[in-house]
Amino acid sequence: MSSDRYSMYIGRFQPFHDGHEWCVRRMLNKGKKVCIAIMDIHHVEPKKNPYPTKEVYETIWERFRKEVNIGEVKIIDIPPIESVNYGRDVGYDLNELKPPSEIKKISATNIRKENGI
């Protein structure tokens, strides 16, 4: 990890699952530091977002404890957002991560349903 810059990964993470972890590990395996931005949405839409930000943070921290401790991963919370916008080339890339089909099948909606939420 040579750069002081981070790749940002934004989500509600309701809950944070193996598909999310795959995306973060993909960036780490490419030598990128990752800033995981948890949208603090539970208090705005609790039925669609049953997991409080603190609980999501703890779940992510458990999966990436080592990487957090050595500065490869940062976990932050952000306010509820409706869009991500940019005006022109401002010094960063926009990248879509394309997981393999077995990872793509993972659904937080289905996980919530399976857990009776």
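When a residue number appears, it is its place in the shown sequence, counting from 1. All of these numbers come straight from a predicted model, not from anything done at the bench. All values below were derived from every heavy atom in this structure, side-chain atoms included, with hydrogens, water molecules and symmetry-related copies excluded.
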Looking only at heavy atoms, what is the nearest atom pair of G19 and I106, with distance?
-> N-CD1, 3.5 Å

Can a donor-acceptor pair be found between the side chains of T53 and D40 at a distance below 3.5 Å?
-> yes

So do the side chains of V68 and I60 get within less than 4.5 Å of each other, counting heavy atoms only?
-> no

List, by chain and then residue number, the residues other than Y6 in its hydrophobic cluster (Ile/Leu/Val/Met/Phe/Trp/Tyr, side-chain heavy atoms under 4.5 Å); write none if there are no others.
-> none

If you group Ile, Leu, Val, Met, Phe, Trp and Tyr by side-chain heavy-atom gaps below 4.5 Å, do M8 and F64 land in one group?
-> no

Just do the side-chain contact (heavy atoms from CB on, under 4.5 Å) check on E72 and V34 with the steps written out, would you?
-> CA-CA 6 Å; E72 291 179 359; V34 181; over 6 Å; no

Matching residue for E67 among R25, K74, K32 - test: salt bridge (Lys or Arg N to Asp or Glu O under 4.0 Å) | R25

Find out whether L94 and Y86 are in side-chain contact, i.e. whether some heavy atom of one side chain is under 4.5 Å from a heavy atom of the other.
-> yes

Do I38 and Y57 come within less than 4.5 Å of each other through their side chains, counting heavy atoms only?
-> yes

Is V56 reachable from I10 through a run of hydrophobic residues whose side-chain heavy atoms are each under 4.5 Å from the next?
-> no

Is the closest side-chain heavy-atom distance between D4 and K33 below 4.5 Å?
-> yes

Where P79 and M39 come nearest, the two heavy atoms and their spacing = O-CG, 3.6 Å

dist R112:CZ -> H17:NE2 (nearest 0.5 Å) comes out at 9.0 Å

Is the shortest side-chain N to carboxylate O distance from E21 to R63 below 4.0 Å?
-> yes

I76 side chain near I36 side chain, heavy-atom distance below 4.5 Å | no

To the nearest 0.5 Å, atom CD1 of I41 lies from atom CD1 of I78 at 9.5 Å

Passing candidate, side-chain hydrogen bond (donor to acceptor under 3.5 Å, both in side chains) with N49, options H43, H42, R12 = R12

Electrostatic pair K105-E102, nearest N-O below 4.0 angstrom | no

Between F13 and Y9, what is the ring plane arrangement, given parallel below 30°, perpendicular above 60°, and tilted in between?
-> tilted

Sidechain-backbone polar pair: Q14 side chain, Y51 backbone, donor-acceptor under 3.5 Å | yes

Answer yes or no: is there a side-chain heavy-atom contact under 4.5 Å between S7 and Y92?
-> no

Using the rule that two of Ile, Leu, Val, Met, Phe, Trp, Tyr join whenever any of their side-chain heavy atoms come within less than 4.5 Å, decide whether I111 and I103 are in one cluster.
-> yes

Measure from the side-chain N and O atoms of S107 to the backbone N and O of T109, and report whether any donor-acceptor pair falls under 3.5 Å.
-> yes

Rounded to the nearest 0.5 Å, the NZ atom of K98 sits from the SG atom of C23 at a distance of 12.5 Å

Where P15 and H20 come nearest, the two heavy atoms and their spacing | O-CE1, 3.3 Å

